[in-house]
Amino acid sequence: MKILVPVKRVVDYNVKIRVKPDGTGVDLANVKMSMNPFDEIAVEEALRLREAGTAAEVIAVSIGPKQAQETLRTALAMGADRAILVEVDEMLEPLDVAKILKGVIGEEAPGLVILGKQAIDDDCNQTGQMLAALLGWAQGTFASKVAVDGDSVDVTREVDGGLQTVKLKMPAIVTTDLRLNEPRYASLPNIMKAKKKPLDQKTPGDYGVEPKRRLEVITTAEPGKRQAGVKVGSVAELVDKLKNEAGVI
Amino acid sequence: MTTLLIADHADGALGDATAKALTAAVALGAPVHVLVAGGDVAAVAEAAAKLDGVAAVLTATGDIYAHGLAEPLADLIVSLAGDYDALVAASTTTGKNVMPRVAALLDVMQVSDVMAVEGPDTFRRPIYAGNAIQTVRSTDPKKVLTVRTASFPAAGEGGSAEIKPVDAAADPGLSSFVGEEVAASDRPELGAARVIVSGGRALGSAEKFHEVIEPLADALGAAIGASRAAVDAGYAPNDWQVGQTGKVVAPELYIACGISGAIQHLAGMKDSKVIVAINKDEEAPIFQVADYGLVGDLFTIVPELQGEIKKHTS
Ligand SMILES: Cc1cc2nc3c(=O)[nH]c(=O)nc-3n(C[C@H](O)[C@H](O)[C@H](O)COP(=O)(O)OP(=O)(O)OC[C@H]3O[C@@H](n4cnc5c(N)ncnc54)[C@H](O)[C@@H]3O)c2cc1C
Ligand SMILES: Nc1ncnc2c1ncn2[C@@H]1O[C@H](COP(=O)(O)O)[C@@H](O)[C@H]1O
C-alpha cells in the first residue's frame with residue numbers, strides 16, 4: 001500500500017506575523033517558512049506505518065511555489081520515499097487544493113491519504129474533508145490514533161466531548177491532531193540522502209484543474225488590541241477589582 | 001431564499017453552540033430552518049423549535065445519524081441543499097468535520113470560523129491564529145459557513161416553529177461508529193461557561209492540576225481549560241484544550257494559571273471579557289493581554305484566591 005501525505009509550506013509557527021498597514025494582506029517578505037506542524041505529524045504517522053510493514057511507500061505532495069521544494073525535502077529527509085511538487089504561484093483555496101490532490105491520487109492510487117487537520121496560515125480545516133468528498137471516500141478527521149486492520153482503518157478522533165473511534169473502509173482520508181505522535185527530526189545523513197530522492201514537478205493543468213478563487217479577500221486587518229491591564233499586588237486586591245471594578249464575580 | 005442551520009447535539013440535548021450559530025444564521029437576513037439529524041431527535045427538535053428566529057425544524061432520524069458520522073450526514077445535508085442559499089453550522093468538531101464535505105459536494109468554498117456577518121455574502125474570519133482578520137466575499141451561489149460561537153451571543157427562546165420530518169438519505173456505507181470515551185462532568189461546558197479557570201504546564205502533574213485548579217473552579221462555578229502543554233503532558237484531557245487548534249472561548253472571566261501565553265493559546269481566549277493571569281515570570285506574554293496580572297507562585301496564589309472568593313460569594 002502507498003500512503004500519500006500532502007504537506008503545506010507555511011509561516012513558521014513561532015513567527016508573529018505582521019499585517020500590512022494598507023490592508024492588502026500579511027507581510028511574508030523574509031519570514032521563516034516551515035512545514036505546517038500538523039503535516040509533520042502526518043509524515044511521521046505514514047513513516048511509522050511503513051516501518052510497521054503496513055505501507056510500502058510514502059509519497060509527499062505539496063502544492064505551492066518553487067520554494068515548497070524545501071518543504072518536500074524536509075519530508076524526504078524525515079524518510080518519505082519520493083515527492084511531487086505541483087507548482088502554483090499564489091496560495092490556493094482548499095477546494096482547488098483538494099481537486100489537484102484528487103488528480104494526484106488518480107495517478108498514485110494510495111490506500112491512505114494522511115493530511116494535517118488544519119494549515120496554521122489560513123486556519124481553514126477543510127482540505128481533508130473536501131478531498132474525501134470529491135473521492136467519495138470515508139474520512140477520519142482530528143486523529144489521535146490510527147490502526148490499520150486489513151482493508152479498514154480504525155481512527156480515534158479528538159472531539160468536543162472527548163474521543164470517538166470510527167471504522168473507515170479503505171482507501172480513506174485521515175487528518176491529524178497534535179497528539180497523534182511526535183514527529184522525528186531529520187538527521188544530517190538523511191538530509192544529505194534526501195537531496196537524491198526523486199522529486200517530480202507538475203502543474204495544476206497536468207491534473208485538469210484550473211484554480212479559481214471563490215472567496216474574494218476584501219481586506220486583511222489587525223485584530224482589535226486589548227487595553228493594557230494592571231498588575232495587582234495581592235489576592236485581596238485582585239478579588240476587590242474583579243468584584244467592584246470589573247463586576248465579574 | 002432560506003438558510004439551513006445544522007443543529008449540534010449530544011445525549012438528547014441541543015448544544016449551546018447551535019443557539020449561538022443561530023444568531024449568525026439570522027444575521028444573513030433570510031428565514032432560518034434548523035436540521036436535527038440523529039438517532040432519537042424528539043427532545044432536541046423541540047428545543048430547537050423554541051429558539052427565537054427559527055422558522056421551521058427538519059428532523060431526520062436513523063441509526064446512521066446517531067453518532068454524527070460525516071459521510072451520511074453530509075449526504076443528507078446535500079439532499080436538502082437545493083432549497084437553501086446558505087448552509088450553516090457551529091465550528092464544533094461535528095461542524096468542522098461535516099461542512100467542508102458538504103461544500104465540496106456542492107462545489108463551493110466554505111467560509112470557516114465566521115466571526116462577523118457583514119452582509120449575506122461578506123464575512124470576517126480569523127487567519128494566522130487570529131493575528132489577522134480577513135474580510136471575505138463569497139462569490140459562490142451557495143454559502144457554506146461554520147461559525148465561531150465565541151463571537152456570537154446565544155439566541156433566546158420564544159419561538160414555536162413547526163417540526164417536520166424529512167427523508168433520510170441513502171447510507172453510503174463508508175464508515176461506522178466503534179466507540180467513544182466521553183468524560184461525564186457536572187461542570188459547565190467550556191463553550192458556554194461564564195467563567196473559565198485554565199491551567200498550564202506549570203501545574204506539573206495531573207494530581208496537582210486536580211488539587212489546585214478544581215477547587216478554584218468549584219468556588220467560581222467555572223469550566224476548566226488547559227494549555228496544550230498541560231494536555232500533552234497528560235495533566236488534563238484533550239477536550240479541555242483552549243487555543244488555535246483547541247477550543248475558542250470568550251467567557252466573562254478567564255483565569256490563566258501558569259500559562260505563558262503563546263500565540264496559539266491566546267488565539268483561543270483573547271476575546272474573553274476580563275482576563276486574569278497568574279504567573280511567576282513577570283515577563284510572560286500572557287500579561288500583555290491580561291486585565292489583571294498577579295506575579296507569583298500559583299501554588300500559593302490559587303488556593304488563597306479560592307479562599308478569598310469563597311468569602312465574597314458566600
Ligand atoms: C501547531 C500548533 C498548535 C498549537 N495549538 C495550541 C493550542 O490550541 N493551545 C495551546 O495552549 N497551545 C497550543 N500550542 C502550543 C503553544 O505553542 C505552547 O507551547 C503552549 O501553549 C505552552 O503551554 P504553557 O503556557 O502551559 O507552557 P509554558 O510555555 O511552558 O509556560 C508555563 C508557564 O508557567 C509559568 N510557571 C511555572 N511555574 C510556575 C508557578 N509555580 N507559578 C506560576 N507560574 C509558573 C512559567 O513562568 C511559564 O510562563 C500549539 C503549538 C503548535 C505548534
Ligand atoms: N497547498 C497545499 N499543499 C499540500 N497540502 C496542503 C495544501 N493546503 C492544504 N494542504 C493539506 O491540507 C491540510 C489542511 O489544510 P487547510 O484545509 O488549509 O486548513 C494541511 O494540513 C495539509 O495537509
Side-chain angles (χ1 to χ4, degrees), chain A residues 11 13 16-17 19 26 93-95 98 117-118 120-126 129-130 132-134 137-139 141-142 144 154 158-169 178-179 214-223 226 229-232 235-236 238-239 241-243 246 248-249, chain B residues 10 69-71 74 92-93 96-97 100-101 103-105 108-113 126-140 174-183 228 232 237-239 245 252-253 263 270 274 276 289-295 301 304-305 308-309 312:
Chain A
V11 170
Y13 83 99
K16 172 104 171 64
I17 55 103
V19 177
V26 168
E93 290 173 342
L95 184 59
K117 83 162 173 182
Q118 176 174 338
I120 60 163
D121 50 1
D122 64 21
D123 280 336
C124 275
N125 194 333
Q126 300 178 359
Q129 299 87 314
M130 288 185 155
L134 297 178
W137 289 6
Q139 66 186 57
T141 52
F142 327 146
S144 65
D154 281 7
E158 297 202 2
V159 296
D160 287 336
L163 297 170
Q164 180 196 54
T165 303
V166 291
K167 187 180 280 300
L168 312 177
K169 219 161 130 177
L178 291 168
R179 275 164 292 277
R214 315 295 190 93
L215 302 182
E216 181 194 339
V217 179
I218 299 172
T219 56
T220 304
E222 289 245 22
R226 287 188 77 93
V230 294
K231 294 244 169 72
V232 292
V235 166
L238 173 63
V239 172
K241 287 212 184 310
L242 290 177
K243 200 175 164 94
V248 289
I249 57 170
Chain B
L69 293 175
E71 301 84 0
T92 55
T93 44
K96 289 176 186 170
N97 190 28
R101 189 167 179 111
L105 291 172
V108 305
M109 251 304 286
Q110 168 176 295
V111 185
S112 296
D113 282 323
I127 55 174
Y128 292 95
N131 288 301
I133 310 294
Q134 255 184 0
T135 303
V136 295
R137 179 156 56 229
S138 164
T139 58
D140 280 319
L174 293 168
S175 62
S176 58
F177 173 78
V178 176
E180 64 190 351
E181 274 173 53
V182 178
R228 177 194 168 191
D232 269 356
N238 67 276
D239 48 309
T245 57
E252 284 193 28
L253 175 59
I263 52 175
K270 70 177 157 53
V274 174
V276 171
V289 301
D291 300 280
Y292 303 112
L294 201 46
V295 179
I301 292 175
E304 201 188 320
L305 178 58
E308 197 71 16
I309 280 167
H312 277 78

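The structure presented is a predicted model; accordingly, all values stated were derived computationally and were not measured. Labels below follow one simple rule: chain letters A, B, ... track the order of the sequence lines, proteins then strands, and each chain is numbered from 1. Heavy atoms only: backbone and side chains are in, while hydrogens, waters and symmetry mates are out.
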Among [options], who wins on heavy-atom pairs under 4.5 Å with chain B?
options	result
A/P94, A/A133, A/A246	A/A133
A/D154, A/I120, A/L134, A/L168	A/I120
A/N125, A/V235, A/D160	A/D160
A/V11, A/L178, A/T220, A/I249	A/L178
A/Q126, A/E158, A/K16	A/Q126
A/A132, A/S144, A/A98	A/A132

Select, from [options], the one with the greatest count of heavy-atom pairs under 4.5 Å involving chain A.
options	value
B/E180, B/K270, B/E308, B/Q110	B/Q110
B/L294, B/D113, B/T93	B/T93
B/P126, B/G179, B/S175	B/G179
B/D239, B/L105, B/L305, B/V182	B/D239

Quick check: closest heavy atoms across [X] and [Y], and the distance to 0.1 Å?
X	Y	answer
B/L174	A/A138	O-CB, 3.6 Å
A/Q129	B/N97	CG-O, 3.3 Å
B/V136	A/V217	CG1-CG2, 4.1 Å
A/V166	B/V178	C-CG2, 3.8 Å

Answer with side chain, backbone, both or neither: which region of [X] has an atom nearer than 4.5 Å to a non-hydrogen atom of chain B?
X	answer
A/A236	both
A/K167	both
A/V248	both
A/V232	both
A/L238	side chain
A/V230	both
A/I17	side chain

Using side-chain hydrogen bond (donor to acceptor under 3.5 Å, both in side chains) as the criterion, list what pairs up with A/D123, not counting sequence neighbours.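 Result, side-chain hydrogen bond (donor to acceptor under 3.5 Å, both in side chains) vs A/D123: A/Q118, B/Q244.
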Can you check whether A/T141 reaches B/K96 side chain to side chain, under 4.5 Å on heavy atoms? no
Hey, can you pull the donor-acceptor pairs under 3.5 Å for the side chains in residues 127-134 of chain B, sequence neighbours left out?
from   : atom 1 : to     : atom 2 : distance (Å)
B/N131 : ND2    : B/Y128 : O      : 3.1

Is there a donor-acceptor pair under 3.5 Å between the side chain of [X] and the backbone N or O of [Y]?
X	Y	answer
A/K117	B/T245	yes
A/R226	B/V289	yes
A/Q139	B/E71	no

If I take atom CD from residue A/E216 and atom OG1 from residue B/T139, how far apart are they, to the nearest 0.5 angstrom?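 Between A/E216 CD and B/T139 OG1, I get 7.5 Å after rounding to 0.5 Å.
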Report the distance from atom CD1 of A/I218 to atom CZ of B/R137, rounding to the nearest 0.5 Å. 4.0 Å
Atom CD of A/E222 with >12 non-hydrogen neighbours under 6.0 angstrom: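 Yes - once you tally the heavy atoms of other residues, nucleotides and ligands closer than 6.0 Å, there are more than 12.
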For B/D232, is it the side chain, the backbone, both or neither that has a heavy atom under 4.5 Å from a heavy atom of chain A? both
Side chain, backbone, both or neither: which part of B/I263 has a non-hydrogen atom closer than 4.5 Å to chain A?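 Only the side chain of B/I263 comes within 4.5 Å of chain A.
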